[in-house]
Amino acid sequence: MAAIGSAVGLGNVWRFPYVCYKNGGGAFLIPYLIALFTAGIPLMILEFSLGHWSRSPPPLAFKKVNKKLEWVGWLSSLTPFVVASYYVVVMAWCFAYMVYSVNLLWEPDAENFFFNFLGKTSGISEIGGISIPVLLGLIAVWLSIFIILYKGVDRIGKVVAITVPLPTILLIILTIRGLTLPGAIEGVSYYLTPDFSKLLNVNVWLSAYAQVFFSLSLAQGILITYASYLRRDSDISNNAFITSLADAGTSFLAGFTVFSVVGYLAYVKNVDINHLGIAGPHLTFITYPTAISLLPFASAIFGMIFYIALLTFGIDSAFSMIEPMASSLNRKWRISKFKATAIICLVGFIASLFFTTGSGIYWLDIVDHFIANFGLVAVGLLECITLGYLYKVSLFREHANKTSDIRIGRWWDLLIRYVVPSILVMLLILSIVENLKKPYMGFPVYALIIAGVLPIVFIVIASFVLQRVKR
Ligand code: PFF
């Protein structure tokens, strides 16, 4: 349940629908499902198996594989921590919008979201002031993460028993409301009308793999850590299949939720859907609330339901990003869970303050771009290479098969050793070429270095240092 909580998050609600429609609509489901079965699920089985076999958080798990590899574990625990520093900021936006929905206080237009709410400055070099509503939301989110994690895994279990089913039910309610609105069918057909010609484009395939990677929380040490808490007789492969399919199902459903309402908005405003701009923050903080505020009745309630759903979807992903570091510090140096969690949340809070300033949204965009396109992919590649070549990967398969109903065959070894790494190498090369060709989104190079390259260099160095420091 906690793994599903980590996988299902903001990535399912705003990212999947738009990635899907951009890459061929209904036709995108083909590369998506292929990516899920050839990379997502095999890698999840590997991570579950490593955590379950070693019964350790990532650094110690990798150390058990090979003494020199502890740093790979640290790297995979530090990466989600960087993701957390901005992910919680998006949650803080949701928090503020949830409060605003009580009396529809938000004014759902781009102008208001960017300038009044975020206090966005005219460019990245102008820092601007801290946005107070975002700061308050941020404090609430970090405090919740701390309260959920410091007592240990039992409390995580209790929290996810609520925060996984609740938003799913809310999403279903919103979808039913959405689909009964005029214009909904046009919205949905816009989302799903297949454009098979897109399947000839290699970028569409790479987008499918990238989406599967981010959405399943792979290569983040999270699934290793969670699997280390499982009982000895827990079924590994079944858990991997259930987690992945639940995640994919939620993404697919969210497409209906979002596009039905987008269709309604186009209908009410009598404009073409193409002109509504549905990518990124526009979707969840401009397009969607605009549509909601136009509902014939109970718009405040539906607005609130939407932001509560986003927050409860997001919170399990957010605390899952902190748990690997907390668990690793606790196991390596016997720092109490309370202390370890407190230190990490405090550092995380200070780091995320950067993103509450007027230039925060620019920085957020850069960090997200680099960490999702390089950080995640590089860690995934390292995992496949270290576990696939420096260790007998078949031992992990045998370990998983010992407790699992679904028996995995030798094909899995081939996927981990050849197929997944080749795809990840391609993803990496493509991202590097693209970024060298032109600076991402036209940002100044110094900003790309500070927010994109430096965090990655920093966590690599930190990983080696953490390996070195004696127990
Ligand atoms: N899987 C989460 C989502 O789709 O929103 C995002 C995520 C969680 C990314 C955990 C990275 C991570 F470590």
Side-chain angles (χ1 to χ4, degrees), residues 1-6 9 51-52 54-64 70-71 73-89 91-92 95 135-164 217 220-231 311-312 314-354 356 458-459 462-463 465-471:
M1 189 77 111
I4 295 177
S6 170
H52 189 252
S54 65
R55 310 196 76 68
S56 311
L60 302 182
F62 277 92
K63 194 175 171 188
K64 282 186 183 166
E70 188 185 322
W71 67 276
W74 284 112
L75 191 62
S76 66
S77 304
L78 280 166
T79 320
F81 177 63
V82 178
V83 180
S85 70
Y86 66 86
Y87 198 87
V88 292
V89 177
M91 288 185 60
F95 191 83
L135 179 66
L136 295 178
L138 199 63
I139 294 173
V141 176
W142 275 113
L143 260 180
S144 319
I145 295 177
F146 174 71
I147 292 169
I148 294 168
L149 289 186
Y150 85 88
K151 270 252 171 118
V153 66
D154 289 345
R155 186 166 284 178
I156 297 183
K158 285 187 191 127
V159 170
V160 294
I162 301 166
T163 54
V164 173
S217 307
Q220 303 289 299
I222 293 167
L223 303 173
I224 300 171
T225 311
Y226 279 176
S228 74
Y229 300 139
L230 284 173
R231 280 201 324 254
L311 274 174
T312 40
I315 192 74
D316 324 286
S317 302
F319 67 67
S320 77
M321 298 173 196
I322 304 302
E323 181 62 10
M325 262 323 266
S327 178
S328 303
L329 293 180
N330 168 262
R331 281 286 290 276
K332 183 162 179 181
W333 290 291
R334 304 265 159 243
I335 302 173
S336 73
K337 210 56 194 282
F338 179 90
K339 248 199 210 154
T341 315
I343 295 169
I344 298 167
C345 288
L346 202 67
V347 176
F349 172 68
I350 294 168
S352 45
L353 281 179
F354 270 109
T356 64
F458 174 77
I459 56 178
S463 305
V465 172
L466 287 165
Q467 165 165 335
R468 283 260 136 141
V469 181
K470 287 274 167 307
R471 278 173 103 142

* Asked: Any sub-3.5 Å donor-acceptor pair from T163's side-chain atoms to V159's backbone N or O?
  -> yes
* Testing V465, L466, T79, I459 for side-chain contact (heavy atoms from CB on, under 4.5 Å) with W74, which one passes? -> L466
* Asked: Counting distance only, does the side-chain N/O of K332 pair as donor-acceptor with the main-chain N or O of P59 below 3.5 Å?
  -> no
* **Heavy-atom side-chain proximity of L60 to S328 below 4.5 angstrom** => no
* Asked: Any idea which heavy atoms bring S352 and S85 closest together, and the distance?
  -> CB-O, 2.8 Å
* pair K337-V153: side-chain heavy atoms closer than 4.5 Å -> no
* Expected output: side-chain R471 to main-chain R334 donor-acceptor under 3.5 Å -> no
* To do: May I ask you to test the L329-I343 pair for a side-chain heavy-atom distance under 4.5 Å?
  => no
* Asked: Closest heavy-atom contact between I222 and S320?
  -> CG1-O, 3.2 Å
* Structure fact -> Of all heavy-atom pairs linking F95 and A140, the shortest is CZ-CB, 3.7 Å
* To do: Answer whether the closest heavy-atom distance between the side chains of F458 and L78 falls below 4.5 Å.
  => no
* To do: Please confirm whether the backbone N or O of I335 pairs with a side-chain atom of N330, one donor and one acceptor, at under 3.5 Å?
  => yes
* So how far is it from I156 CD1 to M1 CE, rounded to the nearest 0.5 Å? -> 13.5 Å
* Asked: Of the non-hydrogen atoms in S54 and K64, which two are nearest, and what is the gap between them?
  -> O-NZ, 2.7 Å
* Asked: To the nearest 0.5 Å, what is the distance between CZ (F81) and CD (E323)?
  -> 13.5 Å
* For I224 against A61, the heavy-atom pair lying closest together -> CG2-CB, 4.2 Å
* Give the minimum heavy-atom separation between A84 and I322, together with the two atoms involved. => CB-CD1, 3.9 Å
* Asked: Hey, what do you get for CG (L143) to CD1 (I148), rounding to the nearest 0.5 Å?
  -> 10.5 Å
* R468 side chain near E70 side chain, heavy-atom distance below 4.5 Å -> no
* **S217 and S6 side chains, donor-acceptor separation under 3.5 Å** => yes
* Asked: Hey, does the side chain of H52 reach the backbone of R231 with a donor-acceptor pair shorter than 3.5 angstrom?
  -> yes
* Asked: Taking the side chain as C-beta and beyond, is there a heavy-atom pair between R331 and S56 under 4.5 Å?
  -> yes
* Give a yes or no on whether the ring-centroid distance for F146 and F338 is below 6.0 angstrom. => yes
* Asked: Parallel, tilted or perpendicular: which fits the ring planes of Y229 and Y226, with parallel below 30° and perpendicular above 60°?
  -> tilted
* Side chains of I145 and F349: closer than 4.5 Å at any heavy-atom pair? -> no
* Asked: Does any N or O in the side chain of T356 come within less than 3.5 Å of the main-chain N or O of L353, such that one atom is a donor and the other an acceptor?
  -> yes
* Under a 4.5 Å cut-off applied to non-hydrogen side-chain atoms, are M91 and I315 in contact? -> yes
